[in-house]
Amino acid sequence: MAAKQPANIRPSRRTFLKWSAIAGSTTGLVACSTPSPYSPDKNGKLVANGTGRTDVDKTVWSACTVNCGSRCPVRLQVKDGRVVRVLPDNTGNDELGSQQVRACPRGRAIRHRIYNPDRLKKPMKRKPGTKRGDGQWVEISWKQALDEIAEKMKALKAKYGNECFYIQYGTGVLGSTMACSWPPEASPMARMLSLYGGYLDHYSDYSTTNITQAYPYFYGEWVAGNSFDDAANSKLQVMFGNNPLETRMSGGGQTFVTQATKRKSGVKTIVIDPRYSETSVALGDEWVALRPGTDAALIAGMIYVMVEENLHDQAFLDKYCVGFDEAHMPEGAPKDASYLSYLQGKGKDKTVKTPEWAARITGVPAADIRRLAREIATAKPCTINQGWGPQRHANGEGIARAVFLLACVTGNVGIKGGGTGGREGGKSLPITQTFNTEVANPSEKIISVFSWLDAIDHGPKMDTFNAGVGVKPEPGVRALKVPVDDNGNPTNTKLEVPIKAVFAYGSNSTVNQTGDNNKSVEILQDDTKCELIVTCDIMHTVSARYSDYLLPGTSTSEESDYHHGESATPMAYGIVSQQAIKPLYECKSIFDICTELADRLGVKDKFTGGKTREQWLKEIVETGREEDPTLPTYEEWKKVGIVRRNAGSDIPLEDFRKDPAANPLSTPSGKIEIYSQRLENMAKKWTFGDFRPRLAGDELCPIPAHLATWEGAEDAAKNKKYPLQVIGHHFKARTHSSYGNVDWLKEAHIQTVWMNPQDAEERGIKNDDLVFIYNERGTLRLPAKVTTRIVPGTISVPQGAWYDPKPASEVTPPAGANPKKPVDVAGSVNTLTSLHPTPIAKGMGVHTILAQVVKA
């Protein structure tokens, strides 16, 4: 008989240490603050002057695989079957293109993920008669778990068809190959479900939903910015909401590259951001503090000045672009619909976009807007890039396109020292994930990554025009493909059934990382809607809490894999990790779990392809050697751990700039589309009010105009109940929610709410005071960080904290807060955010929030 778990299944640290047999000596534990074992030689090269512990049984290469945008090797020292020390990369040097890839404090704390009290240890099912989230579980065998899951899948398929199956977005194991958790088609779960008849897919990702959907209507497809090292060729670097020194802290990633480039070239850097980020501190020569969600207004004010003073690159706009002025509009476009007409007040709003107009919206003084316009326009060349924070607003698609536009107006696209206005690009090794990509999903339907809760709640009401339902794009394309008729008009695609089964692997996005935690829980607790939620993870995450079955997976240290590196630098690199320790407890790899489930579904032989996990891994590495024979074999790679190639700087659209006729873009015109006729056509059929009210800013705009939105800057200025804008910045303590339960990191980086002294003083709040942050959707309780590093009228809550709601019986909410909502004492910003989607992408607008703060 299966043992029953108590209501709170998370063990104390003492119990955990006893269970995992590591309660003995802690010698060999190293804090992140210990001195580096590397020092420069007389030539400035980094050399190893220490090899860690000498009493270990082995030292093997492994990796940190979470979704920060880098991928870092670590060397795990093992003694008596347990990892006792974590060492960084000891190869490479300090030259761009061959640099060391040093793990940041998160990767160096990986031991505290491996041996964490929250590790899932045995398969469990939700106790019958309890609700998701009650925390009551029954331990069961692997056989019972997989038998029951398979039987439920068969029943759901018979009743609803394969469209009812959904693979949850999750990037906790993004940096692996055989254990990859995203994109869906690259995961073992996707291969299994595709062989079983398919699943409802999603386009884009939580990081980039809106910019992903902005690209097709501007550049035709995703186009990165120039790699960060190319800024050495620039006279000026302008960064919109780009914060690599906190989001991507590794030595091989953007931190090393940006700092080395700054040190060697000294290029002036302007950071435009509501928060004075670490990137602003370390790289920035000027911080432009604007109100959240107003970037497109700032850009309009600057371009107005450029045109007024003839500082823009009209020749570039004439040759390479469509829609900047009336003389270069597509046939059939409405009169006065160009971007120039918008600036001049000839468009729909009849408002001239002067710097004074922009200043009222952005909070940036008009004189500064004029100065910035002149400086950016006259710096030849100027690199303009954007992070992904600005596009996570209710008008995020327009903001992304506006930054692209600024790069075009200044003529900096496709040249050294310039950029496209996108986020920095980089190089990669030619490794193909053959196991995860050789089987196609038979289902053609696809929804926005942010729409899955809608598809649970009211799926059959969703179609292309009201919810962005589409058909599958080409492989590797994450943007929505909207079918069109012979006249270029969009046609409609409809969901037939709701999502009935959710499969989450390496994901904490079921609750915590999506939006409106309390509403998410409300939808998920009704198991007549979504009837099956299966979570496979290494941790008992917030999302695991709201599942039906929990399957304990293996960590990177318990399996071998290939990890593709990302560095935004001339260096392309890859890591082959080795299994350091045997799987703990009853944990299994996702390959083994899917193999056993595929067996029950009758597709095991097709799933494995007659190969073991290790054989597939070797084949994947061989795909790279076919293109680049100088790459090592799998066995050789295991010994060296990390392999580098200096692949040179990345200059996207360089060929297009040299010859646009021979190298057209994938837009309908083949040119850069500042005005999109497709968006104009889509706007005629797009609807918003079928199952939620249409709010301010819910419109498709064919040009990158500033849109005043629900809970945006303009709304904050007149909202007395919730007068503060809220953003959620990325945090050094974790990557999204990964590492969010690691003790070292939680002690070093305290979860606080950032607020400006002006706003704090008005509320009688001092630094470190405990405060409530609330709106109709929920309430947080956090210490206040009172600092001039945040623009007045705005607060920032580091995103990714693990949602911990307490009922009123435990924590009384403040007067003015919604008394029906619990108080989240962990401070997950998504307790405050909305599930209302953005207009084009139907994506995340979770940086568009209003709230109030009061002293606790």
Side-chain angles (χ1 to χ4, degrees), residues 5 9-11 13 16-17 19-22 62-68 71-72 74 76 81-83 86 106-107 109-124 137 139 142 145 168-182 187-189 503-513 533-547 549-561 563 577-594 613 734-746 800 802:
Q5 282 284 92
I9 69 156
R10 294 190 180 187
R13 183 160 182 80
F16 174 81
L17 292 174
W19 284 355
S20 56
I22 61 170
S62 189
C64 179
T65 63
V66 298
N67 183 20
C68 68
R71 213 71 63 221
C72 293
V74 290
L76 304 181
R82 65 186 178 95
V83 177
V86 179
R106 297 184 287 242
I110 199 168
R111 210 177 153 275
H112 287 231
R113 289 194 85 209
I114 299 167
Y115 301 111
N116 193 290
D118 290 328
R119 277 295 298 263
L120 293 176
K121 300 170 182 65
K122 295 183 177 183
M124 294 189 289
W137 301 93
E139 289 183 0
W142 273 105
Q168 178 59 294
Y169 168 74
T171 60
V173 206
L174 180 69
S176 293
T177 300
M178 289 303 296
C180 183
S181 62
W182 191 87
S187 69
M189 189 69 73
F503 301 90
Y505 163 60
S507 169
N508 193 20
S509 297
T510 310
V511 176
N512 204 79
Q513 294 303 108
I533 301 178
V534 179
T535 292
C536 175
D537 211 312
I538 64 171
M539 300 291 178
H540 194 287
T541 62
V542 174
S543 293
R545 193 189 303 161
Y546 299 94
S547 303
Y549 291 88
L550 301 181
L551 306 180
T554 45
S555 70
T556 312
S557 65
E558 295 154 56
E559 57 193 23
S560 301
D561 217 319
H563 315 279
S577 63
Q578 299 179 56
Q579 183 182 30
I581 57 175
K582 293 181 179 179
L584 297 174
Y585 323 111
E586 294 184 19
C587 300
K588 291 178 181 284
S589 73
I590 188 64
F591 178 88
D592 289 340
I593 293 170
C594 287
R613 187 182 189 278
R734 50 189 178 260
T735 296
H736 307 304
S737 68
S738 296
Y739 288 98
N741 61 336
V742 170
D743 51 357
W744 276 356
L745 297 171
K746 291 178 72 173
W802 288 23

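Only this structure's heavy atoms are used, side chains among them; waters, hydrogens and symmetry mates stay out. Numbers here are sequence positions counted from 1.
- The two atoms that bring Q513 and S737 nearest to each other are OE1-CB, 3.7 Å, heavy atoms only.
- Every residue two or more places apart in sequence or in another chain was checked for a side-chain hydrogen bond (donor to acceptor under 3.5 Å, both in side chains) with T510, and none qualifies.
- By the 4.5 Å heavy-atom criterion applied to side chains, W802 and M539 are counted as neighbours.
- I110 contributes atom CD1, which lies 10.0 Å from atom SG of C72 (distance to the nearest 0.5 angstrom).
- Counting heavy atoms from C-beta outward, P552 and K588 have side chains that stay 4.5 Å or more apart.
- Judged as a side-chain hydrogen bond (donor to acceptor under 3.5 Å, both in side chains), and not counting sequence neighbours, the contacts of N741 are N116, D118.
- For the atom pair E586 CD and W142 CH2, the distance stands at 8.5 Å (nearest 0.5 Å).
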>> Test side-chain hydrogen bond (donor to acceptor under 3.5 Å, both in side chains) on T554 and E559; report intermediate values, then the result.
In response: CA-CA 7 Å; T554 45; E559 57 193 23; 2.6 Å; yes

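- Here the closest non-hydrogen pair linking H540 and W137 is NE2-NE1, 3.6 Å.
- Residues forming a ring-ring contact (aromatic ring centres under 6.0 Å, His included) with H563 (at least two apart in sequence, or on another chain): none.
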>> Pair H736, N67 - check side-chain contact (heavy atoms from CB on, under 4.5 Å), show working.
In response: CA-CA 8 Å; H736 307 304; N67 183 20; 3.8 Å; yes

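- To the nearest 0.5 Å, atoms CZ (R71) and OG (S176) are separated by 8.5 Å.
- Of all the heavy atoms in S507 and G170, the pair that sits closest is CB-CA, 3.4 Å.
- Annotation: side-chain hydrogen bond (donor to acceptor under 3.5 Å, both in side chains) contacts of Q579 (sequence neighbours excluded): none.
- Residues C536 and I590 approach most closely at SG-CD1, 4.0 Å, considering heavy atoms.
- The side-chain contact (heavy atoms from CB on, under 4.5 Å) search around T535 returns A504, I533, D537, A544, S547, L550, not counting sequence neighbours.
- Listed by chain and residue number, nothing satisfies the side-chain hydrogen bond (donor to acceptor under 3.5 Å, both in side chains) test with S187 (two or more places apart in sequence, or in another chain).
- Not a single salt bridge (Lys or Arg N to Asp or Glu O under 4.0 Å) links R113 to another residue, sequence neighbours left out.
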>> Assess the residue pair Q168 and F503 against the criterion (side-chain contact (heavy atoms from CB on, under 4.5 Å)); give the C-alpha distance rounded to whole Å, side-chain angles, the decisive distance to 0.1 Å, and a yes or no.
In response: CA-CA 6 Å; Q168 178 59 294; F503 301 90; over 6 Å; no

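- Between T65 atom OG1 and D561 atom CG the span is 8.5 Å, to the nearest 0.5 Å.
- Partners of C64 according to the side-chain contact (heavy atoms from CB on, under 4.5 Å) rule, which considers only residues two or more places apart in sequence or in another chain, are V66, Y739.
- In this structure the side chain of L584 reaches within 4.5 angstrom of the side chain of Y115, judged on heavy atoms.
- By the ring-ring contact (aromatic ring centres under 6.0 Å, His included) test, Y546 is found to be paired with no residue, residues two or more places apart in sequence or in another chain being considered.
- Here the shortest heavy-atom pairing between L76 and S62 reads CD1-CB, 3.6 Å.
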>> Under the criterion side-chain contact (heavy atoms from CB on, under 4.5 Å), I'd like the reasoning laid out for M189 against C594: C-alpha separation, chi angles, the key distance, then a yes or no.
In response: CA-CA 6 Å; M189 189 69 73; C594 287; 4.3 Å; yes

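- In this structure, L551 and V534 have side chains that are in contact, with non-hydrogen atoms separated by less than 4.5 Å.
- Put simply, CG on L174 and OG on S181 are 6.0 Å apart, with the number rounded to the nearest 0.5 Å.
- Counting all heavy atoms, side chain and backbone alike, G172 lies closest to S738 at CA-OG, 4.2 Å.
- By the ring-ring contact (aromatic ring centres under 6.0 Å, His included) test, Y549 is found to be paired with no residue, residues two or more places apart in sequence or in another chain being considered.
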>> Before you tell me yes or no, could you show the steps for T541 and N512 under side-chain contact (heavy atoms from CB on, under 4.5 Å), namely the whole-Å CA-CA distance, both residues' side-chain angles and the distance that decides it to 0.1 Å?
In response: CA-CA 9 Å; T541 62; N512 204 79; over 6 Å; no

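- Checked against salt bridge (Lys or Arg N to Asp or Glu O under 4.0 Å), K746 has no partners two or more places apart in sequence or in another chain.
- Salt-bridge annotation for E558 and R119: present, with a side-chain N of the basic residue lying under 4.0 Å from a carboxylate O of the acidic one.
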> Stepwise, does the side-chain hydrogen bond (donor to acceptor under 3.5 Å, both in side chains) test hold for S543 with N508?
Replying inline: CA-CA 5 Å; S543 293; N508 193 20; 2.8 Å; yes

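- Taking C68 as the reference, S70, R106, T735 meet the side-chain contact (heavy atoms from CB on, under 4.5 Å) condition, with sequence neighbours excluded.
- Side-chain atoms of S555 and S557 form a donor-acceptor pair, as typed in the model, at a separation below 3.5 Å.
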